[in-house]
Amino acid sequence: MASPEERYNFREAEAKWQKTWAAKDSFKTEDNSSKPKYYVLEMFPYPSGRLHMGHVRNYTLGDVVARHKKAKGFNVMHPMGWDAFGLPAENAALERGVHPGKWTRQNIADMKAQFAPLGLSLDWSREISSCEPEYYKHEQKMFLDFLKGGLAYRKESWVNWDPIEHTVLANEQVIDGKGWRSGADVEQRKLNQWFLKITHYAEDLLQAIETLDRWPDKVRLMQHNWIGRSEGARVTWPLTDAGGKETGDTLEVFTTRPDTLFGASFCAISAQHPVAAKLAESNPALVEFIAECSKGGTSTAAIETAEKMGFDTGLKAAHPFIPGKTVPLYVANFVLMAYGTGAIFGCPGHDERDMEFARKYGLPVKCVVAPVGADPEAFAAELETGNVAFTDDGVAIHSEFLNGLKVDAAKRAAIAKLESLGRGKGTVQYRLRDWGISRQRYWGCPIPIIHCDSCGAVPVPDKDLPVTLPEDVTFDTPGNPLARHPTWKHVKCPTCNKPALRETDTFDTFFESSWYFARFCSPHVTDRPFNEVEAMKWLPVDQYIGGVEHAVLHLLYSRFFTRAMSDCGYLSLKEPFAGMFTQGMVCHETYRAADGTWLEPGSVDWNGTTATHNGAPVAVGRSEKMSKSKKNTVDPARILDTFGADAARLFMLSDSPPDRDLEWTDAGIEGAWRYLNRLWRLATMANEIPQAPLPTMLDPGPAGLLRQIHRTIAAVGDDLEKFRFNSAVARIRELTNAVNDQDRDAIGGDAVFRFGVEILAQLINPLTPHIAEEIWQLLGNAAILTEAPWPSHDPALLEDDTVTIAVQVNGKLRGTITVAKTADKAACEAAALVLGPVQKQLDGKPPKKVIIVPGKIVNIVAA
RNA sequence: GCGGGUAUGGCGGAAUUGGUAGACGCGCCUGACUCAAAAUCAGGUUCCUCUGGAGUGGGGGUUCGAGUCCCUCUACCCGCACCA
């Protein structure tokens, strides 16, 4: 039984070691080191003011990697900073009247204090905060360099506009066609916006996914789909009016199916297409139709239910292959201006959307592709009278020079013909769009541009950078505080000195997070974003860790930025993150009262198996990501206070593989806490054994334990390298059990016992560093464990001299035999055949066949 | 709709290349200690009609041997979503 003094005092120990590490600067990256470098990075947090379990899991995972790599002899860089611009700061300003900067900086201080008890091996000397001019001034310069290099531009584009908030909304902020905060119907508006030309790198970003072999397949696939490469053709269709007279305009459409051009029965353009705008000038009915299309329309629900609608313009488009043939031109709500050319040709026979549209507006359906082997005429007759398009591979029919060609060959032939006729050409189209970075927000990095009536958009000269945010702003009226600030935007044009206006938009906050990993390499340089030599030394990040929710945007933007920075001379690198790991979410059961309101876990009582709240029944919901809205959060501060950092870390690491969701349970954390006490008790027992070299002669028991110790060293090292932290914990616990069971009276028993505890401390150090240090010190080691090398294993001790192998009859286990490792097949067979259950199965008959895999299995095939 | 993933005891999850399924933990059960409880310690715990048999979501296949490979079905999860 553990007396109070035997119990592990985590409060004292954890505080002590955190102080020791800080005093020794244990985690400061070495400046001039001959060791190989290793850069571990977790996605820097938004300073909300409160650390949550997701953070704890993220930083614990990174800490395991950092500490393990340090022990393995690497010069580790493990920095931390703050992704400090963002909307919540403005919301706080709105709700509480506190300035976003003050609120943010206070949150950073609060969160930093909450980080401390976790005992993370962070190098705080590299701390950065993206909302400070020392940080964002560099990205203003970078933006201007991008502009100079043709990687940034300004253009009018359609955006979601909230008419009450007077601001642009991201697609994610539009819920069912309404502004997420105002509830107002969102309008489509055309605004001047700044863009970064990520599409310039579309092909390279796609191709290079292949090289990211230490990224999760899931993330690579998501990026692949997001970039969305499709091969096809652009086809020009001259437009004529109802009387057949050419209007002088030509329509350009993009298609991936030029092989189906002979099946064309209409063309359609987006409501936002310039031709539609031109026609609308003299057509009030079209104006109304376009307005209808612009309403709402961006929410997923709206798109799913939206019926296809078209407006016949009366114009005709001339077919590229069939002289004299024209098809009607529609404005249609399902054509997207942002993809391809904003115009399509419709082939109802071989496209489901076109089929739906054709049936609604009574347009012809012509079959031009038939399945291989089908009777073309019978198939065509069926297709042309039905409502289902045929979109699979097949053979071209009713298509003149394409007849008989399969889809791929027909595409090539059609493109060749288009090119020879001057009516189109083969192209590659990407789904990826340029990154709109303008936000009508205060709490972001000002875009360093001055708009002059005479000179246009003029870059702020270098000497005037950074453009800093004004402090005296108000949030009591909707819209951008920068735009209505009385003086801030009024400046002189740097070129002509006439009165001009500052750009009042700020950068999307993804801008800051697209290059912070490079800033960490030299966080204190003032004249440029980072020192190129340092960046090239540390980058790419060896191991990046974060949530899968950033699989596309943040990770793709960072890959783009690295290329753009390279092309602008900042460094010479393509990929910022060599290794990427996406961790799972931290989940908890959800509870709802009868009236549907969510209940906190702490307010739910358990009567046997049913949950109650103040005696009333509670519906127990499934486990979901911890969130304030569902009240299923657990406060890390409370857990750290009750069980300590090591117990919290151990539970998070042991219960689920790190890439899967983790179910937080009270029982789980208690189990981790129990284990630490068990380990501590073993340590106090080991401490009573004098330190001495291992004897050369050991009884079989201690000899076996010694082999298990070496096997565990090897296995845990391997598990840590491969992010199998839950397995590593299992192996360590297994060894703990074996050490605990060691017969101390056997020859060498004590010595191997003590050795085992020492190794346990070293193996568990990356996972639960405080108790590991405490045990290490208890056992008389003068130096701290954080500075000790990873234990090495003796390959000769990994395997036993004997091996126990399974004996099967017809594939079913009937027993085991223990033979010498070197036993030959005949010996194994002989040993297996004499087993009682084997003889019973054979029933006196000789085996038909015996399969022996040395060291693995004997399988006897009975007649 | 398109693309991807997952499915193993009461629960979380183990199981290199096909080779003793259920490691490790949670929970539960029994015992010790205790006036009692908690904590702790020791033991047990896939299921069943239990000297045997069944078993890794269902069905089928390949193999001496399948959680692992192939086909098929089902359920759930994730990403994209009128992308021409």
Side-chain angles (χ1 to χ4, degrees), chain A residues 1-4 6-7 216-226 228 230 232 253-257 260 268 270 297 300 302-304 306-308 332-336 338-347 350-354 356-357 391 429-433 548-549 551-552 622-623 650-651 654-657 660-663 665-672 674-675 677-678 681 718 722 724 726-737 740 804-817 837 840 847-853 855-862:
Chain A
M1 189 167 104
S3 63
E6 275 176 323
R7 225 165 142 139
D217 288 342
K218 180 189 166 80
V219 174
R220 301 201 303 174
L221 183 74
M222 281 166 72
Q223 294 217 348
H224 186 275
N225 293 340
W226 188 264
S230 18
V253 309
F254 173 75
T255 178
T256 55
R257 293 295 301 274
T260 63
S270 163
T300 53
I303 287 165
E304 252 169 38
E307 203 184 324
K308 298 211 173 3
N333 65 342
F334 69 94
V335 181
L336 305 174
Y339 185 75
T341 60
I344 62 158
F345 86 85
C347 177
H350 306 284
D351 183 284
E352 276 158 32
R353 292 157 303 176
D354 296 348
E356 192 188 328
F357 192 79
T391 56
Q429 185 67 44
Y430 300 92
R431 205 191 74 103
L432 182 69
R433 280 152 214 192
V548 74
E549 67 273 17
V552 177
R622 63 172 202 161
S623 183
L650 182 63
F651 168 59
S654 63
D655 214 48
S656 293
R660 274 198 229 174
D661 288 353
L662 171 79
E663 163 87 2
T665 60
D666 291 345
I669 179 83
E670 281 160 21
R674 240 183 341 253
Y675 169 78
N677 279 292
R678 233 154 68 79
R681 202 158 40 86
D718 192 42
K722 292 173 177 158
R724 292 186 307 223
N726 56 325
S727 290
V729 172
R731 296 250 158 72
I732 290 169
R733 295 184 91 133
E734 228 171 353
L735 181 59
T736 308
N737 293 341
N740 187 52
T804 301
I805 63 177
V807 178
Q808 299 180 334
V809 177
N810 292 340
K812 279 192 170 47
L813 185 70
R814 296 294 171 188
T816 59
I817 52 172
K840 191 174 166 193
K848 202 164 134 192
K849 192 176 172 188
V850 181
I851 289 128
I852 298 162
V853 183
K856 295 265 184 187
I857 204 160
V858 177
N859 190 13
I860 295 157
V861 186

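Naming: A, B, ... by sequence-line order, numbering from 1 per chain.
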J.: Where the side chain of A:Ala730 is concerned, which of B:G27, B:A84, B:C24 is the nearest nucleotide?
T.: B:C24

J.: Want to settle it: does A:Glu356 or A:Val858 sit nearer the 5' end of RNA chain B, counting the closest nucleotide to each?
T.: A:Val858

J.: Mind checking A:Val335 for me? I need base, sugar-phosphate or nothing, with any heavy atom below 4.0 Å counting as a touch.
T.: base

J.: Heavy-atom count around A:Glu670 CD within 6.0 Å, excluding the residue itself: above 12?
T.: yes

J.: Over how many whole Å does the gap from A:Lys856 atom NZ to B:G19 atom P extend?
T.: 7 Å

J.: Could you tell me how far B:C70 sits from B:U17 if I compare only their P atoms? Round to whole Å.
T.: 14 Å

J.: Could you check B:G9 for me: syn (within 90° of 0) or anti?
T.: syn

J.: Using whole Å, report how far CZ of A:Arg431 lies from P of B:G79.
T.: 14 Å

J.: Look at the side chain of A:Arg433 and the base of B:C83, then say whether one donor and one acceptor between them are separated by less than 3.5 Å.
T.: yes

J.: So, is B:C50 syn or anti if syn means the angle is within 90° of 0?
T.: syn

J.: Determine the interatomic distance between C1' on B:G57 and the same-named atom on B:A75; round to the nearest Å.
T.: 8 Å

J.: Using the P atoms only, state how far B:G18 lies from B:A23, rounded to an integer number of Å.
T.: 24 Å

J.: Give the dot-bracket line for RNA chain B from 5' end to 3' end: parentheses for intra-strand Watson-Crick or G-U pairs under 3.5 Å, square brackets for crossings, | for inter-strand pairing, dots for unpaired.
T.: (((((((..(((......[....)))((((((.......))))))(((...)))..(((((..]....))))))))))))....

J.: Hey, does A:Arg731 reach any base, or is it just sugar-phosphate, or nothing, if we go heavy atoms under 4.0 Å?
T.: nothing

J.: Could you tell me how far B:A66 sits from B:G58 if I compare only their P atoms? Round to whole Å.
T.: 15 Å

J.: Given the C1' atoms of B:C35 and B:C28, what is the spacing between them in whole Å?
T.: 26 Å

J.: Does the cation-pi check pass for A:Lys308 over A:Phe357, that is, NZ or CZ under 6.0 Å from the six-membered ring centre and within 45° of its axis?
T.: no

J.: Applying salt bridge (Lys or Arg N to Asp or Glu O under 4.0 Å), name anything that partners A:Arg733, two or more places apart in sequence or on another chain.
T.: none

J.: Counting N and O atoms only, with roles assigned by atom type, does the side chain of A:Asn859 sit under 3.5 Å from a partner on the main chain of A:Val853, one being a donor and the other an acceptor?
T.: no

J.: How many whole angstroms separate atom CZ of A:Arg678 from atom P of B:C24?
T.: 11 Å

J.: One pair to check against side-chain contact (heavy atoms from CB on, under 4.5 Å): A:Thr255 and A:Ile344. What are the steps and the verdict?
T.: CA-CA 7 Å; A:Thr255 178; A:Ile344 62 158; over 6 Å; no

J.: For A:Asp655 and B:G12, what is the distance between atoms CG and C1' respectively, to the nearest whole Å?
T.: 5 Å

J.: Under 4.0 angstrom, heavy atoms only, what part of the nucleic acid is A:Ser230 near: base, sugar-phosphate, or nothing?
T.: sugar-phosphate

J.: Please tabulate, one pair per line, each protein N/O and nucleotide N/O from nucleotides 59-66 of chain B that are separated by under 3.5 Å, including the distance.
T.:
from	atom 1	to	atom 2	distance (Å)
B:C64	O2'	A:Asn859	ND2	3.0
B:C64	O2	A:Asn859	ND2	2.6

J.: Between P on B:C78 and CG on A:Asn225, what's the gap in Å once rounded to a whole number?
T.: 17 Å

J.: Using atom P in both nucleotides, what's the gap between B:A54 and B:G59 to the nearest angstrom?
T.: 14 Å

J.: Pick the nucleotide of RNA chain B nearest each of A:Leu221 and A:Arg660; which residue has the one closer to the 5' end?
T.: A:Leu221

J.: How is A:Lys812 classified with respect to the nucleic acid when contacts are heavy atoms under 4.0 Å: base, sugar-phosphate, or nothing?
T.: sugar-phosphate

J.: Contact between A:Arg724 and A:Asp718 at the side-chain level, heavy atoms closer than 4.5 Å - yes or no?
T.: yes

J.: Atom CD1 of A:Ile344 and atom C1' of B:C82: how far apart are they, to the nearest Å?
T.: 9 Å

J.: If you check the A:Leu336 side chain, which of B:C83, B:G27, B:A14 turns out closest?
T.: B:C83

J.: How close or far is atom P of B:C82 from atom CZ of A:Phe345, stated in whole angstroms?
T.: 20 Å

J.: Hey, is the side chain of A:Asn726 poking within less than 4.0 Å of OP1 or OP2 on B:A23, counting only N and O atoms?
T.: no

J.: Give the intermediate values and the outcome of side-chain contact (heavy atoms from CB on, under 4.5 Å) for residues A:Arg431 and A:Asn225.
T.: CA-CA 8 Å; A:Arg431 205 191 74 103; A:Asn225 293 340; over 6 Å; no

J.: Is a side-chain donor-acceptor pair under 3.5 Å present for A:Tyr675 with A:Ser654?
T.: no

J.: Taking atom C1' of B:U20 as reference, at what distance in whole Å does atom CD1 of A:Ile857 sit?
T.: 7 Å

J.: Does the side chain of A:Val729 reach to within under 4.5 Å of the side chain of A:Phe651, using non-hydrogen atoms?
T.: no

J.: When we call it a touch if two heavy atoms are under 4.0 Å apart, what does A:Asn737 touch: a base, just sugar-phosphate, or nothing?
T.: sugar-phosphate

J.: Work out how far the C1' atom of B:G13 is from that of B:G4, and round it to whole angstrom.
T.: 23 Å

J.: Give me the distance, rounded to whole Å, that separates B:U30 from B:A15 when you measure between the C1' atoms they each carry.
T.: 30 Å

J.: Starting the side chain at C-beta, find the nucleotide from B:C78, B:G27, B:A84 nearest to A:Arg674.
T.: B:G27

J.: Taking any heavy-atom pair under 4.0 Å as a contact, classify A:Thr256: base, sugar-phosphate, or nothing.
T.: sugar-phosphate

J.: Given side chains that start at C-beta, do those of A:Val861 and A:Asn810 come closer than 4.5 Å, heavy atoms only?
T.: yes

J.: Quick one, A:Arg678 and A:Asn737 - any side-chain contact, counting heavy atoms below 4.5 Å?
T.: yes

J.: With side-chain contact (heavy atoms from CB on, under 4.5 Å) as the criterion, how do A:Thr260 and A:Phe345 come out once you've worked through the C-alpha distance, each side chain's angles and the decisive distance to 0.1 Å?
T.: CA-CA 10 Å; A:Thr260 63; A:Phe345 86 85; 3.6 Å; yes

J.: Closest to the A:Ser727 side chain: B:G4, B:A15, B:C26?
T.: B:A15

J.: Have a look at A:Asp666 and say if it touches a base, only the backbone sugar-phosphate, or nothing, with a 4.0 Å heavy-atom cut-off.
T.: nothing

